[in-house]
Amino acid sequence: MTNVYLSFCVIALFATNQTYGKDKKCDFLWGTASSSYQVEGGWNAEGKGPSNWDYFTHNNVTKYTIGKSENGDIATNQISREVYLKDIKLMKELGVNSYRFSISWSRVMPDGEVLNPQGIAYYAKLIADLKENGIKPIVTLYHWDMPLALYNRGGWANPDSPFWFDKYAQIIFKKFGDTVPVFITFNEPEGYVFTLEPLADNLVKNKVHPYESVLSVKSRSRQAISLHNVLLANALAVKSFRRSNHAGKIGLALNLSPCIDPKNKNSKAADICNDLHNHWILDALFKGKYPQSIQKMYQNAEPSFVVNNKDMLLIKASKPDFIGVNYYGPTLVKDDNDQPFGVGNRPNPDIKPAYNGPVSPNDMVDMLKKFDQRYGKQSYILTENGAGFGNKDEVRNGAVIEDSLRAEYLEKHIHAVMQARQNNINIVGYLYWSLLDNFEWLWGYDNKFGLISVDFNDRNLTRMPKLSYYRYQTLIKNYSQINSCKANK
Ligand code: BGC
């Protein structure tokens with residue numbers, strides 16, 4: 001994207017003087033996102049208990065995917081205050097006003113029961129340090145790591161899990177409810193509960209056909225019970241948050257990717273795929289019921305998946321204040337009766353494909369428009385958006401890493417977000433995934449998404465900003481001229 005195009009967009013935004021729902025233009029959140037296991041390290045430091053991810057990685061889960069054993073034991077070492085203060089300095093120079101990170105449940109409750117004051121102290125300091133630097137903390141309670149003791153009791157499949165989570169959430173709200181303006185209860189529960197966690201579990205247990213089995217109707221139907229528990233956990237935590245009258249907002253970050261069949265407008269597969277991945281949770285939250293045809297399929301395959309009215313009323317009564325949108329790209333599908341649910345995949349048509357799907361910002365905007373139609377007007381925070389294109393896009397040139405594909409991706413998506421705001425879609429924040437290259441779950445350190453590279457071969461884990469970092473800096477500066485509160489006065 002050229003500078004000429006950027007100037008055009010800035011002028012276009014100046015030319016209109018719209019307000020965007022309840023949120024003022026100047027409140028826009030510019031930020032980056034991360035999660036505890038991916039950046040903290042200190043896997044057993046200062047009283048932290050082991051988590052499900054310590055278990056997966058210490059049982060060599062990445063060996064099955066990338067052929068080598070990697071883990072988040074050290075990651076980017078943000079457990080060290082000295083280290084994270086330098087990262088905060090880089091955030092400040094970047095010009096962001098917010099930072100999304102997650103709390104490691106097993107750091108604050110090592111066995112899922114008893115509180116670890118050192119864990120709380122770490123997050124208290126981090127929150128204070130961010131705020132001192134003018135950066136709003138956006139706190140995720142669950143970005144996939146839970147105390148191993150709870151995982152060993154069945155994790156989300158255990159009917160007590162909503163209460164475990166509510167207890168943990170209440171502790172966090174009590175400690176930080178008055179200082180944190182935005183809470184996110186769960187990160188991508190659909191993708192995680194249906195796919196990633198059962199896959200990790202299959203891999204470490206050396207099961208046959210680990211991938212095929214998680215995609216099967218049977219496995220998804222079983223996992224629907226766990227996801228239902230997650231939604232109950234969300235509902236209890238949101239209730240607890242609201243009962244304590246904190247001033248902040250609370251929502252969930254969902255993996256949302258419109259399913260599209262580019263060759264068939266009336267594709268059945270696209271409808272089914274949207275119900276499976278996007279509407280499953282949103283319908284439950286906003287309509288108080290799951291998409292019925294999918295629910296029936298799940299219940300046929302797994303009769304113990306029972307959905308009662310009381311649960312659905314509870315889930316619906318705890319609607320989020322905003323929808324956190326983790327958007328990377330659309331999902332391209334085709335009708336295929338040989339595949340589970342009749343949904344086949346189409347290959348990514350991009351010449352230089354990103355890891356997480358085709359590059360298509362317009363599909364994100366269309367998806368949000370459709371959500372507004374289906375659920376009534378909503379507030380959205382882009383809680384994740386980012387890309388990695390492999391080593392060919394991580395080329396070092398002097399003191400900069402020239403990741404031009406990532407820079408272009410970022411720019412296109414930010415323009416689309418700003419344009420969508422003009423068109424009355426209430427997007428109130430954009431958080432790039434991620435500030436730093438970090439531990440990418442089953443793909444270890446090979447898949448990079450950072451605006452800043454981390455040299456994982458160097459003891460000091462040296463950081464180096466990439467071209468995309470500087471591009472984001474310019475975009476924030478240019479758009480802030482029109483979004484800033486000062487400019488509006
Ligand atoms: C997850 C992140 C992950 C990112 C990039 C998202 O689905 O929330 O934890 O690193 O995608 O793959």
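For the numbers below, each heavy atom of this structure counts, side chains included, while hydrogens, waters and symmetry mates do not. Counting starts at 1 for both ligands and their atoms, following the listed order.
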For this session: Considering heavy atoms of the protein only, find what lies nearest to atom 2 (C) of ligand 1 and give residue, atom and distance to 0.1 Å.
Result: W433 CZ2, 3.6 Å
Exercise. Is it true that Y328 lies under 4.0 Å from ligand 1, counting heavy atoms only?
Worked result: yes
Exercise. For ligand 1, which atoms, with element, lie under 4.0 Å from some heavy atom of Q38?
Worked result: 2 (C), 3 (C), 9 (O), 10 (O)
Problem set entry | For E440, the ligand 1 atoms whose distance to one of its heavy atoms is below 4.0 Å | 3 (C), 4 (C), 5 (C), 10 (O), 12 (O)
Problem set entry | Nearest non-hydrogen protein atom, atom 1 (C) of ligand 1 | E384 OE1, 3.4 Å
Problem set entry | Close side-chain approach of V204 and Y55, heavy atoms under 4.5 Å | yes
Exercise. Quick check, are the ring centers of H246 and F241 under 6.0 angstrom apart?
Worked result: yes
For this session: Please examine the side chains of M297 and S221, heavy atoms only from C-beta on, and report whether any two atoms are closer than 4.5 Å.
Result: no
For this session: Mark up the atoms of ligand 1 that fall under 4.0 Å of a heavy atom belonging to N187, in ascending order.
Result: 8 (O)
Exercise. Between Y355 and ligand 1, which residue portion shows a heavy-atom distance shorter than 4.0 Å: side chain, backbone, both, or neither?
Worked result: neither
For this session: Return yes or no for this condition: an N or O of S35 is under 3.5 Å from an N or O of ligand 1.
Result: no
Exercise. Taking the six-membered ring for Trp, is the centroid-to-centroid distance between H143 and W433 below 6.0 Å?
Worked result: yes
For this session: Please work out whether any backbone atom (N, CA, C, O) or any side-chain heavy atom from C-beta onward of N438 is under 4.0 Å from ligand 1, and answer side chain, backbone, both or neither.
Result: neither
Exercise. Heavy atom of N356 under 4.0 Å from ligand 1?
Worked result: yes
Seminar exercise, completed: ring pair (Phe, Tyr, Trp, His ring centres under 6.0 Å) test vs F56 passes for just one of Y37, Y151, W144, Y64, namely Y151
Exercise. Would one find an N or O of H143, backbone or side chain, under 3.5 Å from an N or O of ligand 1?
Worked result: yes
Exercise. Between the side chains of H58 and D54, is a donor N or O closer than 3.5 angstrom to an acceptor N or O?
Worked result: no
Exercise. Will you find, in the side chains of W156 and Y142, an N or O donor that is under 3.5 Å from an N or O acceptor?
Worked result: yes
Seminar exercise, completed: For F449, the atoms of ligand 1 under 4.0 Å from one of its heavy atoms are 5 (C), 12 (O)
Exercise. Can you find a side-chain donor-acceptor pair between N348 and Y355 that sits under 3.5 Å?
Worked result: no
